[in-house]
A.B. asks: 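Please read through the structure below; I'll follow up with questions.
Positions are given from 1, in the same order as the sequence printed here. Since this is a predicted model, take the numbers as computed values, not measurements.
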Amino acid sequence: MKQARMETTDNTRVYHTVVSFLKRLVKLKNKVEVEKMDLFAERLTVALQEKFEGHWVPEKPSKGQAYRCIRVNAFHKYDQELLRACSESGVHYGDLGLPWEITLWVDPGEVCGRYGEQNFHFSIATFSSDKDEMTSDYHSGSSDEGSTSSSPLTVTNRKCQVTQGAEATPPSLILKLLMLLCLN
């Protein structure tokens with residue numbers, strides 16, 4: 001029972017991180033009312049929980065990784081869970097203002113992303129299974145989006161790996177790049 005409770009807590013933290021990250025992107029465009037944005041975030045969390053149920057294996061984080069991927073690009077113009085959350089919250093999908101190409105990998109213990117198909121992957125957050133601790137490459141700046149600490153990370157997942165001694169992209173630079181991508 002303790003193991004199941006731990007996995008639920010870890011899942012919830014990961015979902016919260018993904019939703020907070022997407023909320024931050026949507027806020028850059030300032031096209032969604034606060035009340036609708038909060039409802040969208042709530043509905044997206046539920047959609048992700050339901051989709052990922054049965055596809056979450058903490059012992060093998062890469063198992064099911066493609067299924068847990070949130071992707072928007074030329075071939076996948078709409079992510080189904082984002083569409084569902086929009087529909088259930090009264091938000092127009094176009095008002096999200098997401099970049100034309102964005103990929104988020106939602107894995108047990110880690111969330112990472114990529115803007116554009118040819119760009120480098122970056123870590124959004126990693127979660128320690130030993131402690132109740134999370135580190136992040138971005139800082140939400142808002143108490144309602146959870147507490148994160150800004151730090152360069154050494155990530156074990158091969159998709160997001162930053163080798164020891166390599167410089168991580170500063171969180172402020174990531175947000176500036178996001179703003180440029182979203183405004184274009």
Side-chain angles (χ1 to χ4, degrees), residues 4 7-58 60-117 119 121-127 134 136-138 140 142 144-146 148 155 157 159-160 174-175 177-179 181-182:
E7 288 177 16
T8 302
T9 302
D10 289 345
N11 294 0
T12 302
R13 290 171 57 207
V14 172
Y15 300 146
H16 178 75
T17 300
V18 171
V19 171
S20 294
F21 182 78
L22 288 169
K23 253 178 97 170
R24 180 118 177 148
L25 282 179
V26 172
K27 284 181 180 181
L28 290 173
K29 286 290 188 171
N30 201 27
K31 290 186 175 184
V32 181
E33 299 168 15
V34 175
E35 298 80 21
K36 283 188 176 185
M37 188 68 244
D38 290 341
L39 183 57
F40 169 81
E42 180 183 309
R43 300 313 308 156
L44 181 58
T45 301
V46 170
L48 293 175
Q49 287 172 333
E50 290 175 0
K51 178 180 180 181
F52 298 165
E53 188 176 338
H55 298 274
W56 197 264
V57 185
K60 297 178 184 177
S62 61
K63 184 174 182 174
Q65 189 175 56
Y67 185 78
R68 293 186 310 269
C69 178
I70 297 171
R71 177 174 252 171
V72 177
N73 62 23
F75 301 107
H76 305 97
K77 294 193 184 283
Y78 306 101
D79 177 82
Q80 292 304 307
E81 279 57 52
L82 293 175
L83 273 173
R84 174 182 164 186
C86 284
S87 173
E88 293 176 2
S89 62
V91 172
H92 185 268
Y93 191 92
D95 288 345
L96 295 177
L98 296 174
W100 288 101
E101 290 183 348
I102 183 172
T103 305
L104 298 176
W105 288 275
V106 184
D107 296 329
E110 178 176 40
V111 178
C112 57
R114 179 181 65 201
Y115 297 99
E117 296 296 319
N119 294 324
H121 304 85
F122 59 91
S123 179
I124 296 169
T126 58
F127 304 89
M134 178 181 100
S136 175
D137 270 357
Y138 84 101
S140 69
S142 170
D144 73 328
E145 293 176 358
T148 60
V155 182
N157 183 312
K159 285 209 170 290
C160 301
I174 290 173
L175 290 175
L177 290 171
L178 287 175
M179 288 176 64
L181 286 169
C182 290

A.B. asks: Ignoring hydrogens, what is the shortest heavy-atom contact between Gln65 and Trp105? Give both atom names and the distance.
C.D. replies: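 The pair with the smallest heavy-atom distance is CG-CD1, 3.6 Å.
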A.B. asks: Does Leu83 offer a backbone N or O that forms a donor-acceptor pair with the side chain of Ser87 under 3.5 Å?
C.D. replies: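 Side chain of Ser87 to backbone of Leu83, a donor-acceptor pair under 3.5 Å: no, none is there.
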A.B. asks: Return the minimal non-hydrogen interatomic distance between Leu96 and Cys86, and the atom names on each side.
C.D. replies: CD1-SG, 3.6 Å
A.B. asks: If we only count heavy atoms from C-beta on, is the Val106 to Phe52 side-chain gap below 4.5 Å?
C.D. replies: yes
A.B. asks: Any donor and acceptor pair, going by atom type alone, linking the side chain of Arg114 with main-chain N or O of Gly116 inside 3.5 Å?
C.D. replies: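 A pair under 3.5 Å: yes.
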A.B. asks: Give, for atom CG of Leu44 and atom CD1 of Ile70, the distance between the pair rounded to the nearest 0.5 Å.
C.D. replies: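 With rounding to 0.5 Å, CG (Leu44) is 6.0 Å from CD1 (Ile70).
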A.B. asks: Atom NE2 of residue position His76 - does it have more than 12 heavy atoms of other residues, nucleotides or ligands inside 6.0 Å?
C.D. replies: no
A.B. asks: Decide yes or no for Arg84 and Glu50: does some side-chain heavy atom of the first lie under 4.5 Å from some side-chain heavy atom of the second?
C.D. replies: yes
A.B. asks: Looking at every non-hydrogen atom in both residues, tell me the closest pair between Asp95 and Val26 and how far apart they are.
C.D. replies: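 Reported closest heavy-atom pair: O-CG1, 4.5 Å.
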A.B. asks: Looking at Cys112 and Ser123, what are the two nearest heavy atoms and their distance?
C.D. replies: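 So the two residues come closest at CB-CA, 4.0 Å.
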A.B. asks: Contact between Val91 and Leu39 at the side-chain level, heavy atoms closer than 4.5 Å - yes or no?
C.D. replies: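 A side-chain contact is absent here, since even the closest heavy-atom pair is not under 4.5 Å.
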A.B. asks: So Leu104 and Phe21, side chain to side chain contact (heavy atoms under 4.5 Å, CB included) or not? Walk me through it.
C.D. replies: CA-CA 10 Å; Leu104 298 176; Phe21 182 78; 3.9 Å; yes
A.B. asks: Any side-chain heavy atom of Lys51 sitting closer than 4.5 Å to one from Tyr67?
C.D. replies: yes
A.B. asks: Measuring only between side-chain heavy atoms, which start at C-beta, is Leu22 closer than 4.5 Å to Leu25?
C.D. replies: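 Sidechains of Leu25 and Leu22: in contact.
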A.B. asks: To the closest 0.5 Å, what do you measure between CG (Leu28) and CG (Leu98)?
C.D. replies: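 Reported to 0.5 Å precision, the distance equals 10.0 Å.
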A.B. asks: Pro58 and Pro108: which non-hydrogen atoms are nearest, and at how many Å?
C.D. replies: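 So the minimum-distance heavy-atom pair works out to CA-CB, 3.8 Å.
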A.B. asks: Does the side chain of Thr103 reach to within under 4.5 Å of the side chain of Asn73, using non-hydrogen atoms?
C.D. replies: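 Not touching, per the 4.5 Å side-chain cut-off.
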A.B. asks: Could you tell me whether the side chain of Tyr93 and the main chain of Asp79 form a donor-acceptor pair under 3.5 Å?
C.D. replies: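 Yes, Tyr93 side chain to Asp79 backbone: donor-acceptor pair under 3.5 Å.
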A.B. asks: Please work out whether the ring planes of Tyr115 and Phe122 are parallel, tilted or perpendicular, with thresholds of 30° and 60°.
C.D. replies: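 Parallel: the ring planes of Tyr115 and Phe122 meet at under 30°.
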A.B. asks: Do Trp56 and Asn11 make a side-chain contact, defined as non-hydrogen atoms from C-beta onward lying under 4.5 Å apart?
C.D. replies: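 Touching, per the 4.5 Å side-chain cut-off.
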A.B. asks: Rounded to the nearest 0.5 Å, how far does CZ of Phe40 lie from CD of Glu35?
C.D. replies: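 Rounded to the nearest 0.5 Å, the CD-CZ separation comes out at 15.5 Å.
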A.B. asks: So that I can tick it off, tell me whether Asp107 and Arg68 are bridged by a salt bridge, with the cut-off set at under 4.0 angstrom between side-chain N and carboxylate O.
C.D. replies: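 Asp107 and Arg68: salt-bridged.
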A.B. asks: Supply the atom-to-atom distance Thr17 OG1 to Ile124 CD1, rounded to the nearest 0.5 angstrom.
C.D. replies: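 Rounded to the nearest 0.5 Å, the OG1-CD1 separation comes out at 8.5 Å.
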A.B. asks: State whether Arg71 and Glu117 are salt-bridged, where the test is any N-O pair (Lys NZ or Arg NE/NH1/NH2 against Asp/Glu carboxylate O) under 4.0 Å.
C.D. replies: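 Between Glu117 and Arg71 there is a salt bridge, with a charged N closer than 4.0 Å to a carboxylate O.
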A.B. asks: So, the side chain of Lys23 versus the backbone of Met37: is there a donor-acceptor pair under 3.5 Å, distance only?
C.D. replies: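 Side chain of Lys23 to backbone of Met37: no pair is present.
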